[in-house]
Amino acid sequence: MPKEEKSELTVTRPDRTSDRPNDERYDVQRVESKWSARWQQDASRYAAERDSAKKKYYVLEMLPYPSGALHMGHVRNYSIGDALARYTWMNGYNVLHPMGWDSFGLPAENAAISANTPPREWTLGNIANMKAQMKRLGFAYDWSREVTTCLPDYYRWNQWFFLKLYERGLAYRKKSKVNWCPKCCTVLANEQVLPNGCCWRHEDTPVEQRELEQWFLRITNYTEELLRDLDKLNGWPEKVRTMQRNWIGRSEGTLVDFKLGYGPDHHGFGPAGSTITVFTTRVDTIFGATSIQLAPEHPMVKDLTASNPDLRSKVGQLIAEQRKASEAGDIGEIEKHGVPTGRFAINPFNNEKIPIWIANYILMDYGTGAIMSVPAHDERDYEFAKKYNLEIRLVILPISNDPEETMTEPPVPFTAHDGMLINSGPYSGMSCAAAIKKMSEYAEQKGIGKATVTYRLKDWGISRQRYWGTPIPMLYCEKDGIVPVPEKDLPVILPENVEITLTGGSPLSRVPEFVNVSCPKCGGPARRETDTMDTFIDSSWYFYRYTDAHNDRAPFDGEIANYWFPIDQYIGGVEHAILHLIYSRFWTKFMRDLGMIANDEPVERLFTQGMVIKDGAKMSKSLGNVVSPDEMVARYGADAARLYSLFAAPPDRDLDWQDSGIEGIHRFLGRVYRFFVRHAMRRGSSPHKSDVTQLSPEARAIQRKLHQTIKRVSDDFQGRWHFNTCISAIMELVNTLYAAEEIIEANDVPAPLMLEVQRNLVLLLAPFAPYLAHELWEMLGENSDLLRTPWPKYDAELAKEEEIEIPIQVNGKLRSLIVVPASADEQFVLERALADEKVKAAIAGKQIVKKIYVPGKMVNLVVK
RNA sequence: GCCGGGAUGGCGAAAUUGGCAGACGCAGCGGACUUAAAAUCCGCAGGGGCCAAAAGCCCUGUGGGGGUUCGAUUCCCCCUCCCGGCACCA
């Protein structure tokens, strides 16, 4: 890898470098570069074991996009994962902790245009740089399993999967809309469309929608399972599960067919397709339907407007409005309006003729693109009906415990579900729930509809009219039509030296030697698909590849994957809560159905860390509040940057970066180092007291604090992951040691205890500050590998306090504190409490009504 | 609008979720060391009041208002604001 020398960041404070090992000042750069060099010589240091008898643990951080340099969000993400990996190693597990690069994508093409660097070169250069940064930060990755998604040995398997999907009918082609900039003459990704709906390069040119043939994956075959299995993901944040549920957007309802009918204008029955199917979640309100509303893009609209140019142009306006609004992201804000078609439809429940309108608030891509409008029981329908004076007919009354209230008219629109039907023929008097059931059954019996479920989740469109992605392995033959590339011909290599411009469609279509091939079926001329795959495909299965990263006969070996999967702990930003995490769940289910793996879900436990912000805002170049990891490492060292990113806030919350905060951490590390320089050698001197069981109270206090600290840090790793409090606990331990320095120097602390304290302090620091921990470990004369040294165990007896302070409250207010032996019983504590002068004063002249004693916690005396 | 998550000193936060509010760190103040500074070490520190000052004592305080309780940052009800997701979803 080029640019490797970057990992040795130069020391910025040469005045402080020193060769004197006994210098009390911690020379961060000297120590960190020493260990960094040693670790890099030992390539297998962090390798997962094969055929291990140990329990496996797969800890994974989301792989980065190689944008050029790590940012603090990465540092935070990887510091969490690395601490966990190291802790898990120390607990004797066989740990898989890999890293890779999500390296296809648009920025590489932009760089190619603006910096005239080929995407591959740009990307690989960035990877080298970021890898060096990661190494300098001391992250313990098994680089022998590195996955780089833009290289053929990875993306060939994307193509292989695509063929499998195609074979099973899960990949298909259909016309679909894309964003099109008329000035660039090209397709834009969604993120290239500005919030105002204009092109990012032509800020006053509105983006248009064009229809193109595109490839889709049938993720909707798995909708129900994706939804249902969310209930099994107990190790996931509730927030993420909720977001996925909303994204899938399951909605139960009823389809009802309305036949087109004669209207007063005697136009006769409508054209081909003489029924309009509406989707409603409230079929119980159907007797209150007073119009049908169609989406402007509903297929029937074309026929309805065929003989009416005036109407057609109005519909054109509605469509334009809707698009504009949806591109601007404020559909929902636009004012509702519509046009009557002059046609009528027949309500199959009461044979009533109701007018058909076309309205801008109906979306073609949800439900059937047609609704029955019930103004009395729907907010939007109500607003629309008010505007156009459509009839508002009440058919549901609220149910109340007070029988008289039931008869009063509710304010319209009345949208609640807990009601009773009126004016609804045979259904009058039923509850809404009962009516929905009965009416759906009736519709099905009569063949005019049925109960159904619709989803917000749509099939996954994966075609991108871009260069820097996986070529879709498909051919178009004049004679045989769509022909998949035979498996033996994979990979379809992405050609290099392709001219990249942002104009004129897919860059690959301008490479004749790529496009023109002969058909594998008939040998005749054929054209290659020139679109590439969505990069979310790359990240949908990359974590399986880590388990068997060099397999050249399959994406990975199923048995090996079954050993490692599911991932025990996955850590990343919440911004991937929906797309990446749904796609990869889908991919896992598909691979299971192919028989490749046994697990239904890829990730057992998920952790989403908060953002790193500064001055209350997300770090961004435009705000000028970006903190560079390189600079932090150069100034304070990798340990400090890592420790601070864990200390400043609990990991699931946003972290407000403060430069002065990392200085404090830097001081702390120096403080620890100094203590060891002063006292590490003391273990050799012969102590005048070596019996640990006969400790002075001061020595006993140190011992107690040590065991309390081990408990606190261990508990947090097992439980809630509040590393900020773990680190506080370690700081407290260090403070305790400094406070006891005099008695330590007086040799009042037995050497074995001193050694125990120092060894364990190093072990506790090891997951968070590996550089310092290794240096101190060596300073203690230890030669075992710190990474595999067993995590310390605490002794509950030794952690126990012998004396405790009990607060004494009088009527809930703190009046005094008494110190009692930890073993004191209620009677003893109460006696002591009542004998206390301050307590006596507080209760003087009053009568004690109640004495409350919470064992070991507090006393409250209630007086009158 | 719906669904999540928040709101605690000057700042980042803690209180392992009914039991001493503010651990730990930053910034601040005071002291020691130093010719001096840096570095380091020790101490003080929510706000207000009594007091010349200190010790000490008192009141008050976890976004706002109610409630439950001997006791509420924590539980219940109502409200405000901030962050995130979804959204004319029928």
Side-chain angles (χ1 to χ4, degrees), chain A residues 16 24-25 237-247 249-251 253 278-282 293 295 322 325 329-336 359-363 365-374 378-381 383-384 454-456 574-575 577-578 610-611 613 616 644 647-650 652-665 667-668 670-671 674 711-712 715-716 719-720 722 724-732 734-735 738-739 741 805-814 816-817 838 841 849-854 856-863:
Chain A
R16 292 190 189 166
E24 291 191 359
R25 183 172 285 158
E238 192 51 47
K239 174 186 173 134
V240 173
R241 296 201 280 173
T242 306
M243 281 164 77
Q244 292 210 354
R245 275 189 201 103
N246 291 342
W247 187 258
R250 184 178 200 274
S251 175
V278 304
F279 173 73
T280 176
T281 55
R282 293 296 304 272
Q293 303 287 344
Q322 257 189 353
D330 62 353
I331 200 157
E333 305 298 313
I334 57 174
E335 201 191 326
K336 288 178 191 40
N360 67 347
Y361 72 99
I362 308 303
L363 307 173
D365 54 11
Y366 185 79
T368 59
I371 65 150
M372 62 177 201
S373 175
V374 186
D378 182 278
E379 298 275 357
R380 294 149 300 171
D381 295 346
E383 195 186 327
F384 192 86
T454 56
Y455 301 91
R456 213 191 76 96
V574 75
E575 66 272 19
I578 297 175
M611 278 192 310
I613 58 176
Y644 179 66
F647 174 71
D652 53 343
R653 274 217 245 164
D654 284 355
L655 184 160
D656 197 343
W657 188 275
Q658 296 186 342
D659 286 336
S660 57
I662 189 170
E663 273 186 58
I665 289 293
R667 271 202 285 272
F668 165 70
R671 201 165 143 85
R674 200 173 307 114
K711 177 171 166 36
R712 281 179 67 181
D715 285 355
D716 246 320
R720 48 180 205 162
H722 280 194
N724 54 330
T725 58
C726 292
I727 294 163
S728 300
I730 299 172
M731 287 174 171
E732 283 183 45
V734 172
N735 290 347
Y738 269 92
E741 222 181 351
E805 267 194 335
I806 302 277
I808 314 298
Q809 297 180 349
V810 176
N811 284 347
K813 285 189 178 168
L814 180 69
S816 186
L817 283 170
K838 286 179 199 164
V849 216
K850 207 170 174 185
K851 296 175 200 164
I852 294 147
Y853 174 62
V854 183
K857 292 272 173 141
M858 50 82 63
V859 170
N860 190 11
L861 302 169
V862 186
V863 298

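Fair warning: this is a prediction, and the values are worked out from it, not measured in the lab. Chain letters run A, B, ... following the sequence lines, proteins first and then strands; every chain starts at 1. The basis for the numbers below is simple: all heavy atoms, side chains too, and nothing from hydrogens, waters or symmetry mates.
Listed nucleotides: B:rC70, B:rG12, B:rU16. Nearest to the side chain of A:D656: B:rG12.
The residue from A:Q809, A:K850, A:K851 that alone fulfils the side-chain contact (heavy atoms from CB on, under 4.5 Å) condition with A:V862 is A:K850.
In this structure A:W657 satisfies the ring pair (Phe, Tyr, Trp, His ring centres under 6.0 Å) test together with A:Y644, sequence neighbours excluded. For A:Y366, there are no ring pair (Phe, Tyr, Trp, His ring centres under 6.0 Å) partners at least two apart in sequence or on another chain. Partners of A:Y738 according to the ring pair (Phe, Tyr, Trp, His ring centres under 6.0 Å) rule, which considers only residues two or more places apart in sequence or in another chain, are A:F675.
Judged by a 6.0 Å distance limit and a 45° cone about the ring axis, A:K336 is not positioned over the six-membered ring of A:F384.
Residue contacts for A:K851: at a heavy-atom cut-off of 4.0 Å it reaches no nucleic acid atom on any strand shown. Contacts of A:R245 with the nucleic acid, taken as non-hydrogen atoms under 4.0 Å apart, are absent. Using a 4.0 Å heavy-atom distance criterion, A:P650 is classed as a sugar-phosphate-only contact.
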Detail all sub-3.5 Å separations between protein N/O atoms and N/O atoms belonging to nucleotides 81-84 of chain B.
none

Tabulate protein N/O versus nucleotide N/O from nucleotides 19-26 of chain B, keeping only pairs under 3.5 Å, one per line.
{"unit_1": "B:rA23", "atom_1": "O2'", "unit_2": "A:E732", "atom_2": "OE2", "d": "3.0"}
{"unit_1": "B:rA23", "atom_1": "N1", "unit_2": "A:S728", "atom_2": "OG", "d": "3.3"}
{"unit_1": "B:rG25", "atom_1": "OP1", "unit_2": "A:N735", "atom_2": "ND2", "d": "3.2"}
{"unit_1": "B:rC26", "atom_1": "OP1", "unit_2": "A:R667", "atom_2": "NE", "d": "3.1"}
{"unit_1": "B:rC26", "atom_1": "OP1", "unit_2": "A:R667", "atom_2": "NH2", "d": "3.0"}
{"unit_1": "B:rC26", "atom_1": "O2'", "unit_2": "A:S660", "atom_2": "OG", "d": "2.5"}

*What would the secondary structure line of RNA chain B be in dot-bracket form, counting Watson-Crick and G-U wobble pairs under 3.5 Å, with [ ] for pairs that cross earlier ones and | for pairs with another strand?*
(((((((..(((......[....))).(((((.......))))).(((((.....)))))..(((((..]....))))))))))))....
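Of the N and O atoms on the side chains of A:R671 and A:N735, at least one donor lies less than 3.5 Å from an acceptor on the other residue.
For A:N246 and B:rG4, the CG to P distance is 9 Å, given to the nearest whole Å. The nearest whole Å value for the distance from the CH2 atom in A:W247 to the C1' atom in B:rC86 is 9 Å. Remark: C1' of B:rA90 and CD1 of A:I371 are 5 Å apart, rounded to the nearest angstrom. For A:F668 and B:rG12, the CZ to P distance is 22 Å, given to the nearest whole Å. One can place CD1 of A:I613 at 12 Å from C1' of B:rG6, the figure rounded to the nearest angstrom. For A:E24 and B:rA39, the CD to P distance is 16 Å, given to the nearest whole Å. Remark: P of B:rC88 and CZ of A:F384 are 17 Å apart, rounded to the nearest angstrom. Atom CD in A:E238 sits about 13 Å away from atom P in B:rG6, given to the nearest Å.
Residue order along RNA chain B, read from the 5' end via each residue's closest nucleotide, puts A:K838 first among A:K838 and A:I578.
Listed here is the closest heavy atom pair of A:T281 and A:S251: CG2-OG, 3.4 Å. In terms of heavy atoms, A:V574 sits closest to A:K239 at CG2-CE, 3.8 Å. Nearest approach of A:Y361 to A:S373, heavy atoms of both residues: OH-OG, 4.2 Å. For the pair A:I362 and A:Q293, the tightest heavy-atom approach, listed with the atom from each and the gap, is CG1-CB, 3.9 Å.
Residue A:R456 has a polar side-chain atom (N or O) positioned under 4.0 Å from OP1 or OP2 of B:rA87. The side chain of A:T454 contributes no N or O atom lying less than 4.0 Å from OP1 or OP2 of B:rA90. Note on A:R380: a side-chain N or O is less than 4.0 Å away from OP1 or OP2 of B:rC89. Under 4.0 angstrom from either OP1 or OP2 of B:rC88 there lies no side-chain N or O belonging to A:K336.
Considering only heavy atoms from C-beta on, A:F647 stays 4.5 Å or farther from A:C726 through its side chain.
Nucleotide B:rG9 carries a syn base; the chi torsion (O4'-C1'-N9-C4 or O4'-C1'-N1-C2) is within 90° of 0.
Classification of A:R380 and A:E383 as a salt-bridged pair fails, no side-chain N sitting under 4.0 Å from a carboxylate O.
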